[in-house]
Novice: 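Pasting a structure below so you can have a look.
Just so you know, these numbers come straight off a predicted model, no measurement behind them.
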Amino acid sequence: MGRYPEEHHEPYPLERWEPRSPEQWARQDPFREVDLPIEQRYPEQAQVAVFEAWNHLPTPLRRQVWFEREVAAGLYARSRDWKRIPGIRFLSVGNRGEGARRRRVGIVSIEPTLGEDRMPTHESLGIPESIRIRSRVNEDVFVPVWIEHQLPAEMLSHAFVPPGQFIAASNVSPLSGPVPTVQSGDVIAGESPAGFRTPGTLTAVVSRVNNNALLLLCAAHVLGKSRWKVVANVPVPAEVGNVIEIDQDLDAGLAELKPPWKVDFRLKAVPMVPAAPVMPYTDMPVQFYGGASGHQRGWINTVNSIPVGGKLVGIIPHFTVSIPSKPGDSGALLISGHGTDNPFPTAYAGQMGPQYLEAMTCAMLGMIVTGPSSTISPATRPQTYVTPILSVLNHFRLRAWVRSM
(Lines give C-alpha, C1' and ligand atoms only; values in the text may rest on other atoms or scores of the structure.)
Protein backbone atom coordinates (compact mmCIF):
# COMPACT_ATOMS: atom_id res chain seq x y z
CA MET A 1 0.00 0.00 0.00
CA GLY A 2 1.78 3.13 -1.17
CA ARG A 3 1.57 6.88 -0.76
CA TYR A 4 2.79 9.82 -2.71
CA PRO A 5 6.23 11.18 -1.92
CA GLU A 6 6.26 13.85 0.74
CA GLU A 7 7.75 16.45 -1.59
CA HIS A 8 5.40 19.40 -2.09
CA HIS A 9 4.26 21.23 -5.18
CA GLU A 10 7.25 23.46 -5.92
CA PRO A 11 7.58 25.63 -7.94
CA TYR A 12 3.91 26.20 -7.05
CA PRO A 13 3.72 27.30 -3.40
CA LEU A 14 0.50 27.12 -1.43
CA GLU A 15 -1.83 30.06 -2.03
CA ARG A 16 -3.63 31.99 0.68
CA TRP A 17 -7.10 30.66 -0.15
CA GLU A 18 -6.15 26.98 0.04
CA PRO A 19 -7.32 24.67 2.84
CA ARG A 20 -4.32 23.39 4.80
CA SER A 21 -5.88 20.26 6.29
CA PRO A 22 -8.68 17.73 5.70
CA GLU A 23 -10.74 19.48 8.38
CA GLN A 24 -10.39 22.84 6.62
CA TRP A 25 -11.31 21.19 3.31
CA ALA A 26 -14.52 19.76 4.80
CA ARG A 27 -15.49 23.16 6.27
CA GLN A 28 -14.71 25.14 3.11
CA ASP A 29 -15.69 22.63 0.41
CA PRO A 30 -18.18 24.32 -1.98
CA PHE A 31 -20.34 21.18 -1.80
CA ARG A 32 -20.76 21.39 1.97
CA GLU A 33 -24.21 23.06 1.73
CA VAL A 34 -25.42 21.09 -1.28
CA ASP A 35 -27.82 18.21 -0.62
CA LEU A 36 -25.57 15.41 -1.87
CA PRO A 37 -25.80 12.67 0.77
CA ILE A 38 -23.22 10.30 -0.73
CA GLU A 39 -20.70 13.06 -1.39
CA GLN A 40 -21.18 14.38 2.13
CA ARG A 41 -20.31 11.11 3.89
CA TYR A 42 -17.13 12.61 5.31
CA PRO A 43 -15.92 10.53 8.23
CA GLU A 44 -12.34 11.22 9.20
CA GLN A 45 -10.90 8.67 6.76
CA ALA A 46 -12.89 10.09 3.83
CA GLN A 47 -11.86 13.65 4.69
CA VAL A 48 -8.21 12.65 4.52
CA ALA A 49 -8.63 10.70 1.27
CA VAL A 50 -10.50 13.52 -0.51
CA PHE A 51 -8.09 16.18 0.72
CA GLU A 52 -5.01 14.20 -0.34
CA ALA A 53 -6.47 13.46 -3.80
CA TRP A 54 -6.89 17.21 -4.31
CA ASN A 55 -3.73 18.34 -2.52
CA HIS A 56 -1.41 16.18 -4.63
CA LEU A 57 -2.28 18.18 -7.74
CA PRO A 58 -0.10 21.19 -8.62
CA THR A 59 -1.46 24.60 -7.62
CA PRO A 60 -2.94 25.56 -11.03
CA LEU A 61 -4.95 22.32 -11.11
CA ARG A 62 -5.93 22.53 -7.43
CA ARG A 63 -7.32 25.95 -8.27
CA GLN A 64 -9.17 24.57 -11.29
CA VAL A 65 -10.69 21.66 -9.36
CA TRP A 66 -11.82 23.97 -6.57
CA PHE A 67 -13.42 26.44 -8.99
CA GLU A 68 -15.19 23.63 -10.85
CA ARG A 69 -16.74 22.55 -7.56
CA GLU A 70 -17.80 26.15 -6.90
CA VAL A 71 -19.50 26.36 -10.30
CA ALA A 72 -21.30 23.02 -9.77
CA ALA A 73 -22.46 24.08 -6.31
CA GLY A 74 -23.66 27.41 -7.73
CA LEU A 75 -25.67 25.62 -10.40
CA TYR A 76 -27.19 23.14 -7.99
CA ALA A 77 -28.14 25.91 -5.54
CA ARG A 78 -30.59 27.09 -8.22
CA SER A 79 -32.07 23.63 -8.76
CA ARG A 80 -35.62 24.96 -8.35
CA ASP A 81 -35.10 27.05 -11.49
CA TRP A 82 -33.82 24.09 -13.47
CA LYS A 83 -36.41 21.50 -12.43
CA ARG A 84 -39.16 23.21 -14.40
CA ILE A 85 -37.26 22.77 -17.70
CA PRO A 86 -38.87 19.94 -19.75
CA GLY A 87 -36.50 17.03 -20.24
CA ILE A 88 -33.67 18.36 -18.06
CA ARG A 89 -31.20 15.66 -17.04
CA PHE A 90 -27.95 16.97 -15.54
CA LEU A 91 -26.11 20.02 -14.28
CA SER A 92 -22.35 19.83 -14.79
CA VAL A 93 -19.16 21.77 -15.49
CA GLY A 94 -16.99 21.66 -18.60
CA ASN A 95 -14.96 23.64 -21.11
CA ARG A 96 -16.80 24.72 -24.23
CA GLY A 97 -16.17 26.95 -27.24
CA GLU A 98 -13.43 27.05 -29.84
CA GLY A 99 -9.86 28.34 -29.73
CA ALA A 100 -9.39 31.52 -27.71
CA ARG A 101 -13.12 31.59 -26.96
CA ARG A 102 -13.01 28.23 -25.13
CA ARG A 103 -13.88 28.76 -21.49
CA ARG A 104 -15.29 27.05 -18.41
CA VAL A 105 -19.08 26.95 -18.33
CA GLY A 106 -21.96 25.58 -16.31
CA ILE A 107 -23.80 23.01 -18.45
CA VAL A 108 -27.53 22.33 -18.46
CA SER A 109 -28.11 19.01 -20.23
CA ILE A 110 -31.55 18.30 -21.65
CA GLU A 111 -32.98 15.28 -23.44
CA PRO A 112 -33.73 16.09 -27.08
CA THR A 113 -37.41 16.22 -28.05
CA LEU A 114 -38.52 13.89 -30.82
CA GLY A 115 -38.29 15.70 -34.12
CA GLU A 116 -36.41 18.67 -32.64
CA ASP A 117 -33.79 19.89 -35.11
CA ARG A 118 -32.15 22.71 -33.17
CA MET A 119 -31.06 23.60 -29.67
CA PRO A 120 -33.54 25.57 -27.54
CA THR A 121 -32.46 29.05 -26.47
CA HIS A 122 -31.95 30.45 -23.00
CA GLU A 123 -35.00 32.63 -23.57
CA SER A 124 -37.23 29.74 -24.66
CA LEU A 125 -36.23 27.73 -21.57
CA GLY A 126 -36.47 30.75 -19.27
CA ILE A 127 -32.95 30.41 -17.87
CA PRO A 128 -30.17 33.03 -17.52
CA GLU A 129 -27.25 33.19 -19.93
CA SER A 130 -24.84 33.31 -16.98
CA ILE A 131 -24.84 32.88 -13.22
CA ARG A 132 -22.80 34.61 -10.56
CA ILE A 133 -20.37 32.39 -8.67
CA ARG A 134 -18.97 33.50 -5.34
CA SER A 135 -15.47 32.13 -5.56
CA ARG A 136 -12.51 31.86 -3.20
CA VAL A 137 -10.07 31.54 -6.09
CA ASN A 138 -11.47 33.98 -8.67
CA GLU A 139 -13.37 36.42 -6.43
CA ASP A 140 -16.92 36.86 -7.76
CA VAL A 141 -17.31 35.90 -11.41
CA PHE A 142 -20.12 35.37 -13.91
CA VAL A 143 -20.00 31.94 -15.57
CA PRO A 144 -21.85 31.29 -18.86
CA VAL A 145 -24.69 28.76 -18.85
CA TRP A 146 -24.32 26.31 -21.75
CA ILE A 147 -27.25 24.24 -23.06
CA GLU A 148 -26.56 20.75 -24.46
CA HIS A 149 -28.58 17.80 -25.69
CA GLN A 150 -27.83 14.58 -23.83
CA LEU A 151 -29.22 11.21 -24.87
CA PRO A 152 -30.02 8.61 -22.20
CA ALA A 153 -27.14 6.40 -21.09
CA GLU A 154 -27.25 2.63 -21.26
CA MET A 155 -25.80 -0.05 -19.03
CA LEU A 156 -22.65 -1.46 -20.63
CA SER A 157 -23.66 -5.00 -19.90
CA HIS A 158 -26.35 -7.54 -20.76
CA ALA A 159 -27.38 -10.90 -19.34
CA PHE A 160 -26.78 -14.00 -21.41
CA VAL A 161 -26.71 -17.77 -21.12
CA PRO A 162 -23.53 -19.50 -22.31
CA PRO A 163 -24.17 -21.38 -25.59
CA GLY A 164 -25.31 -24.95 -25.29
CA GLN A 165 -26.23 -24.92 -21.62
CA PHE A 166 -28.66 -23.35 -19.19
CA ILE A 167 -26.97 -23.92 -15.85
CA ALA A 168 -23.60 -22.16 -16.25
CA ALA A 169 -21.71 -23.85 -13.44
CA SER A 170 -17.97 -23.56 -13.92
CA ASN A 171 -16.54 -26.65 -15.61
CA VAL A 172 -12.98 -25.72 -14.72
CA SER A 173 -12.10 -26.06 -11.07
CA PRO A 174 -9.12 -23.99 -9.86
CA LEU A 175 -8.04 -27.11 -7.94
CA SER A 176 -7.68 -29.19 -11.10
CA GLY A 177 -5.68 -26.78 -13.22
CA PRO A 178 -3.48 -23.70 -13.10
CA VAL A 179 -4.17 -21.25 -10.31
CA PRO A 180 -6.18 -18.34 -11.81
CA THR A 181 -4.58 -14.89 -11.81
CA VAL A 182 -6.99 -11.95 -11.50
CA GLN A 183 -6.09 -8.44 -12.65
CA SER A 184 -7.77 -5.05 -13.10
CA GLY A 185 -9.21 -5.09 -16.63
CA ASP A 186 -10.05 -8.82 -16.65
CA VAL A 187 -13.30 -9.93 -18.25
CA ILE A 188 -15.54 -11.07 -15.38
CA ALA A 189 -19.21 -11.91 -14.96
CA GLY A 190 -21.66 -12.18 -12.12
CA GLU A 191 -23.41 -15.56 -12.35
CA SER A 192 -26.92 -16.12 -10.97
CA PRO A 193 -28.04 -19.47 -9.47
CA ALA A 194 -29.89 -20.12 -12.77
CA GLY A 195 -26.68 -19.77 -14.75
CA PHE A 196 -27.27 -16.34 -16.25
CA ARG A 197 -24.10 -14.29 -16.50
CA THR A 198 -23.72 -10.51 -16.70
CA PRO A 199 -20.36 -9.66 -18.27
CA GLY A 200 -18.21 -6.71 -17.29
CA THR A 201 -14.69 -5.66 -16.37
CA LEU A 202 -12.90 -6.09 -13.04
CA THR A 203 -12.26 -2.64 -11.57
CA ALA A 204 -9.55 -3.42 -9.05
CA VAL A 205 -8.40 -5.64 -6.20
CA VAL A 206 -8.91 -3.79 -2.90
CA SER A 207 -8.92 -4.34 0.86
CA ARG A 208 -10.98 -3.11 3.79
CA VAL A 209 -9.48 -0.48 6.03
CA ASN A 210 -7.47 -2.23 8.79
CA ASN A 211 -7.72 -5.59 6.98
CA ASN A 212 -5.37 -6.83 4.26
CA ALA A 213 -7.70 -9.56 2.94
CA LEU A 214 -8.09 -8.99 -0.80
CA LEU A 215 -11.49 -8.29 -2.39
CA LEU A 216 -12.71 -7.83 -5.96
CA LEU A 217 -14.34 -4.48 -6.81
CA CYS A 218 -16.67 -4.06 -9.78
CA ALA A 219 -19.94 -2.44 -10.91
CA ALA A 220 -23.00 -3.71 -9.04
CA HIS A 221 -24.96 -4.43 -12.22
CA VAL A 222 -22.14 -6.76 -13.28
CA LEU A 223 -21.77 -8.62 -9.99
CA GLY A 224 -25.52 -9.00 -9.49
CA LYS A 225 -26.59 -9.92 -5.96
CA SER A 226 -25.01 -11.16 -2.74
CA ARG A 227 -23.91 -14.80 -2.88
CA TRP A 228 -23.79 -14.82 -6.69
CA LYS A 229 -20.68 -16.37 -8.19
CA VAL A 230 -18.00 -14.33 -9.95
CA VAL A 231 -16.58 -15.99 -13.06
CA ALA A 232 -13.49 -14.75 -14.87
CA ASN A 233 -11.60 -15.72 -18.04
CA VAL A 234 -8.20 -16.29 -16.38
CA PRO A 235 -7.31 -17.63 -18.99
CA VAL A 236 -10.27 -20.03 -19.20
CA PRO A 237 -13.64 -19.54 -17.42
CA ALA A 238 -13.20 -20.20 -13.72
CA GLU A 239 -15.09 -19.28 -10.56
CA VAL A 240 -12.90 -16.75 -8.75
CA GLY A 241 -15.16 -15.35 -6.04
CA ASN A 242 -18.53 -14.80 -4.40
CA VAL A 243 -20.41 -11.50 -4.11
CA ILE A 244 -20.59 -10.23 -0.53
CA GLU A 245 -21.85 -6.63 -0.73
CA ILE A 246 -23.73 -4.46 -3.24
CA ASP A 247 -24.66 -0.77 -3.24
CA GLN A 248 -27.18 0.11 -5.96
CA ASP A 249 -26.89 3.91 -5.51
CA LEU A 250 -23.17 3.76 -6.25
CA ASP A 251 -23.60 0.89 -8.71
CA ALA A 252 -20.64 -0.79 -7.03
CA GLY A 253 -20.07 -4.08 -5.28
CA LEU A 254 -17.52 -6.37 -3.67
CA ALA A 255 -16.69 -10.05 -3.90
CA GLU A 256 -14.39 -12.21 -1.82
CA LEU A 257 -11.78 -14.26 -3.65
CA LYS A 258 -12.25 -18.01 -3.83
CA PRO A 259 -8.92 -19.79 -3.16
CA PRO A 260 -6.55 -20.70 -4.62
CA TRP A 261 -5.77 -17.55 -6.58
CA LYS A 262 -3.08 -15.12 -7.63
CA VAL A 263 -3.39 -11.37 -8.06
CA ASP A 264 -1.50 -9.24 -10.55
CA PHE A 265 -1.69 -5.66 -9.25
CA ARG A 266 -0.57 -4.21 -12.59
CA LEU A 267 -3.05 -2.62 -14.96
CA LYS A 268 -3.92 -4.22 -18.29
CA ALA A 269 -4.02 -0.78 -19.93
CA VAL A 270 -0.42 -0.04 -18.89
CA PRO A 271 1.75 -2.76 -17.28
CA MET A 272 2.28 -0.91 -14.02
CA VAL A 273 0.60 -0.71 -10.63
CA PRO A 274 -1.76 2.30 -10.51
CA ALA A 275 -0.96 5.42 -8.52
CA ALA A 276 -3.15 6.63 -5.66
CA PRO A 277 -6.35 8.52 -6.60
CA VAL A 278 -6.30 12.16 -7.68
CA MET A 279 -9.25 14.42 -8.41
CA PRO A 280 -10.37 14.63 -12.03
CA TYR A 281 -10.55 17.94 -13.87
CA THR A 282 -12.01 19.00 -17.22
CA ASP A 283 -9.97 18.13 -20.31
CA MET A 284 -7.75 15.75 -18.31
CA PRO A 285 -6.27 12.99 -20.52
CA VAL A 286 -7.56 9.61 -19.35
CA GLN A 287 -7.62 5.93 -20.36
CA PHE A 288 -9.13 2.58 -19.45
CA TYR A 289 -8.95 -1.08 -20.39
CA GLY A 290 -12.40 -2.53 -21.02
CA GLY A 291 -13.29 -6.18 -21.30
CA ALA A 292 -14.99 -5.46 -24.64
CA SER A 293 -13.15 -2.40 -25.95
CA GLY A 294 -9.59 -3.07 -24.82
CA HIS A 295 -7.28 -0.09 -24.26
CA GLN A 296 -9.12 3.19 -24.90
CA ARG A 297 -7.92 6.80 -24.55
CA GLY A 298 -9.81 10.08 -24.34
CA TRP A 299 -10.49 13.19 -22.26
CA ILE A 300 -12.69 14.20 -19.36
CA ASN A 301 -15.71 15.97 -20.82
CA THR A 302 -17.62 17.14 -17.73
CA VAL A 303 -17.02 17.03 -13.98
CA ASN A 304 -19.37 17.28 -10.98
CA SER A 305 -22.31 16.13 -13.08
CA ILE A 306 -25.39 16.15 -10.86
CA PRO A 307 -28.72 14.61 -11.92
CA VAL A 308 -31.66 16.98 -11.47
CA GLY A 309 -34.60 15.46 -9.63
CA GLY A 310 -33.09 12.12 -8.72
CA LYS A 311 -30.25 9.63 -9.09
CA LEU A 312 -30.61 8.96 -12.80
CA VAL A 313 -27.14 7.58 -13.48
CA GLY A 314 -24.68 6.36 -10.89
CA ILE A 315 -23.43 8.52 -8.09
CA ILE A 316 -24.21 12.13 -7.26
CA PRO A 317 -22.01 13.65 -8.55
CA HIS A 318 -20.35 11.64 -11.31
CA PHE A 319 -18.26 12.73 -14.29
CA THR A 320 -18.16 11.90 -17.99
CA VAL A 321 -15.40 11.14 -20.46
CA SER A 322 -15.27 11.48 -24.24
CA ILE A 323 -14.39 7.84 -24.89
CA PRO A 324 -16.52 5.27 -26.72
CA SER A 325 -17.44 2.18 -24.71
CA LYS A 326 -19.34 -1.07 -25.26
CA PRO A 327 -21.36 -3.64 -23.32
CA GLY A 328 -18.78 -5.58 -21.31
CA ASP A 329 -16.77 -2.47 -20.32
CA SER A 330 -18.81 -1.79 -17.15
CA GLY A 331 -16.55 -1.65 -14.12
CA ALA A 332 -13.39 -0.71 -16.04
CA LEU A 333 -10.99 1.42 -14.01
CA LEU A 334 -10.42 4.90 -15.44
CA ILE A 335 -6.87 6.15 -14.87
CA SER A 336 -5.01 9.36 -15.66
CA GLY A 337 -2.84 10.03 -18.71
CA HIS A 338 -2.38 8.34 -22.06
CA GLY A 339 -0.13 5.31 -21.78
CA THR A 340 2.69 6.19 -19.41
CA ASP A 341 2.35 9.94 -20.03
CA ASN A 342 1.51 12.05 -16.97
CA PRO A 343 -1.82 13.91 -17.14
CA PHE A 344 -0.48 17.46 -16.82
CA PRO A 345 -0.29 20.14 -19.51
CA THR A 346 3.25 20.56 -20.83
CA ALA A 347 3.51 24.04 -19.29
CA TYR A 348 3.05 22.51 -15.82
CA ALA A 349 4.91 19.22 -16.28
CA GLY A 350 8.09 20.93 -17.44
CA GLN A 351 8.50 22.54 -14.02
CA MET A 352 8.03 19.39 -11.93
CA GLY A 353 10.49 16.78 -10.76
CA PRO A 354 10.44 13.24 -12.18
CA GLN A 355 9.39 11.68 -8.87
CA TYR A 356 6.37 13.93 -8.62
CA LEU A 357 5.36 13.27 -12.24
CA GLU A 358 5.75 9.53 -11.64
CA ALA A 359 3.34 9.77 -8.70
CA MET A 360 0.66 11.24 -10.99
CA THR A 361 1.04 8.69 -13.82
CA CYS A 362 -1.84 6.20 -14.12
CA ALA A 363 -3.56 7.56 -11.01
CA MET A 364 -6.93 6.00 -10.16
CA LEU A 365 -9.90 8.20 -11.09
CA GLY A 366 -13.13 6.25 -11.34
CA MET A 367 -15.25 3.25 -12.28
CA ILE A 368 -17.07 3.15 -15.62
CA VAL A 369 -20.77 2.41 -15.08
CA THR A 370 -22.74 3.39 -18.21
CA GLY A 371 -22.03 4.41 -21.78
CA PRO A 372 -23.51 6.05 -24.86
CA SER A 373 -27.03 5.15 -25.94
CA SER A 374 -27.20 2.70 -28.84
CA THR A 375 -29.31 5.32 -30.63
CA ILE A 376 -26.54 7.92 -30.52
CA SER A 377 -25.69 9.67 -33.76
CA PRO A 378 -22.15 9.10 -35.12
CA ALA A 379 -21.79 12.91 -35.10
CA THR A 380 -22.52 13.10 -31.37
CA ARG A 381 -19.63 13.19 -28.91
CA PRO A 382 -19.36 9.77 -27.19
CA GLN A 383 -20.09 9.96 -23.49
CA THR A 384 -19.12 7.37 -20.92
CA TYR A 385 -20.25 7.86 -17.34
CA VAL A 386 -17.84 7.37 -14.45
CA THR A 387 -18.35 7.00 -10.69
CA PRO A 388 -15.49 8.69 -8.78
CA ILE A 389 -13.27 6.01 -7.27
CA LEU A 390 -12.92 8.04 -4.06
CA SER A 391 -16.67 7.85 -3.48
CA VAL A 392 -16.59 4.07 -3.88
CA LEU A 393 -13.55 3.56 -1.64
CA ASN A 394 -14.91 5.87 1.06
CA HIS A 395 -18.40 4.37 1.02
CA PHE A 396 -17.19 0.78 1.49
CA ARG A 397 -14.26 1.87 3.69
CA LEU A 398 -11.73 0.38 1.29
CA ARG A 399 -8.06 0.84 0.53
CA ALA A 400 -6.71 0.59 -3.00
CA TRP A 401 -3.44 -1.21 -3.67
CA VAL A 402 -1.26 1.42 -5.34
CA ARG A 403 2.40 2.07 -6.11
CA SER A 404 4.78 2.70 -3.26
CA MET A 405 7.11 5.60 -4.00
Side-chain angles (χ1 to χ4, degrees), residues 1 3-4 6 8-9 12-79 91-93 106 133-141 206 208-210 247 249-250 252 275-282 284 302-307 311 314-319 359-360 363-367 386-400 402:
M1 201 71 64
R3 286 179 55 110
Y4 287 105
E6 293 300 324
H8 219 308
H9 306 286
Y12 301 108
L14 288 172
E15 297 181 338
R16 293 180 60 184
W17 63 269
E18 296 188 60
R20 265 40 176 194
S21 67
E23 295 75 22
Q24 284 187 358
W25 168 279
R27 290 195 303 270
Q28 298 171 6
D29 182 4
F31 280 175
R32 68 190 181 282
E33 295 178 359
V34 178
D35 183 21
L36 303 175
I38 294 178
E39 179 73 13
Q40 290 298 316
R41 286 176 179 166
Y42 273 177
E44 183 177 350
Q45 174 211 343
Q47 284 184 16
V48 172
V50 171
F51 175 74
E52 288 187 350
W54 169 78
N55 192 48
H56 286 309
L57 295 171
T59 296
L61 294 178
R62 295 201 302 275
R63 189 186 308 119
Q64 176 177 331
V65 167
W66 190 273
F67 183 61
E68 288 169 348
R69 291 174 78 86
E70 290 177 329
V71 174
L75 280 172
Y76 200 77
R78 303 183 60 154
S79 57
L91 303 172
S92 56
V93 182
I133 301 297
R134 299 187 179 277
S135 174
R136 289 173 57 89
V137 298
N138 292 321
E139 299 182 348
D140 288 359
V141 62
V206 296
R208 302 277 193 186
V209 174
N210 301 324
D247 188 280
D249 290 337
L250 282 168
V278 297
M279 280 200 173
Y281 52 86
T282 52
M284 184 183 196
T302 64
V303 293
N304 305 322
S305 188
I306 306 169
K311 299 173 181 177
I315 190 168
I316 301 177
H318 60 277
F319 63 100
M360 300 294 139
M364 302 176 78
L365 298 173
M367 171 196 292
V386 185
T387 298
I389 196 67
L390 282 173
S391 297
V392 177
L393 297 177
N394 291 338
H395 176 80
F396 289 111
R397 292 184 62 78
L398 300 174
R399 297 182 298 171
V402 295

Novice: Are the side chains of Thr282 and Phe319 in contact, using a 4.5 Å heavy-atom criterion?
Specialist: no

Novice: Is any side-chain heavy atom of Arg69 less than 4.5 Å from a side-chain heavy atom of Met279?
Specialist: yes

Novice: Compare every heavy atom of Ala72 with every heavy atom of Val93, then report the nearest pair and how far apart it is.
Specialist: CG2-N, 3.7 Å

Novice: Between Pro30 and Ala73, what is the shortest heavy-atom contact and its length?
Specialist: O-CB, 3.4 Å

Novice: Using atom types as modelled and distance alone, determine if a side-chain donor or acceptor of Trp66 lies under 3.5 Å from a backbone N or O of Val137.
Specialist: no

Novice: Search all heavy atoms of Val71 against all heavy atoms of Gly106 and return the closest pair with its distance.
Specialist: CG1-CA, 4.2 Å

Novice: With a 4.5 Å limit on heavy-atom distance, are the side chains of Val209 and Leu398 in contact?
Specialist: no

Novice: Verify, without hydrogens or angle tests, whether Asn304 (side chain) and Glu68 (backbone) share a donor-acceptor contact under 3.5 angstrom.
Specialist: yes

Novice: Any carboxylate oxygen within less than 4.0 angstrom of a Lys/Arg side-chain nitrogen, looking at Glu70 and Arg136?
Specialist: no

Novice: At their closest point, which heavy atom of Ala400 faces which heavy atom of Leu393, and how far apart are they?
Specialist: CB-CD1, 4.1 Å

Novice: Could you measure the distance from the OH atom of Tyr76 to the CG atom of Leu91? Nearest 0.5 Å is fine.
Specialist: 8.0 Å

Novice: Which heavy atom of Asn394 sits nearest to which heavy atom of Ala49, and what is that distance?
Specialist: OD1-CB, 3.7 Å

Novice: Spell out, as yes or no, whether a donor-acceptor pair under 3.5 Å connects the side chain of Arg20 to the backbone of Glu18.
Specialist: yes

Novice: Minimum heavy-atom separation for Ala252 to Val392, with atom names?
Specialist: CB-CG1, 4.0 Å

Novice: For the pair His318 (side chain) and Ser305 (backbone), establish whether a donor and an acceptor sit closer than 3.5 Å, ignoring hydrogens and angles.
Specialist: yes

Novice: Flag the pair Met360 / His56 as yes when at least one side-chain heavy-atom distance between them is below 4.5 Å, and no otherwise.
Specialist: yes

Novice: Taking the six-membered ring for Trp, are Trp25 and Phe51 parallel (under 30°), tilted (30 to 60°) or perpendicular (over 60°)?
Specialist: perpendicular

Novice: Side chains of Gln47 and Ser21: is there a donor and an acceptor less than 3.5 Å apart?
Specialist: no

Novice: Do the non-hydrogen side-chain atoms of Leu365 and Val278 ever get within less than 4.5 Å of each other?
Specialist: yes

Novice: Just do the side-chain contact (heavy atoms from CB on, under 4.5 Å) check on Val65 and Leu57 with the steps written out, would you?
Specialist: CA-CA 9 Å; Val65 167; Leu57 295 171; 3.7 Å; yes

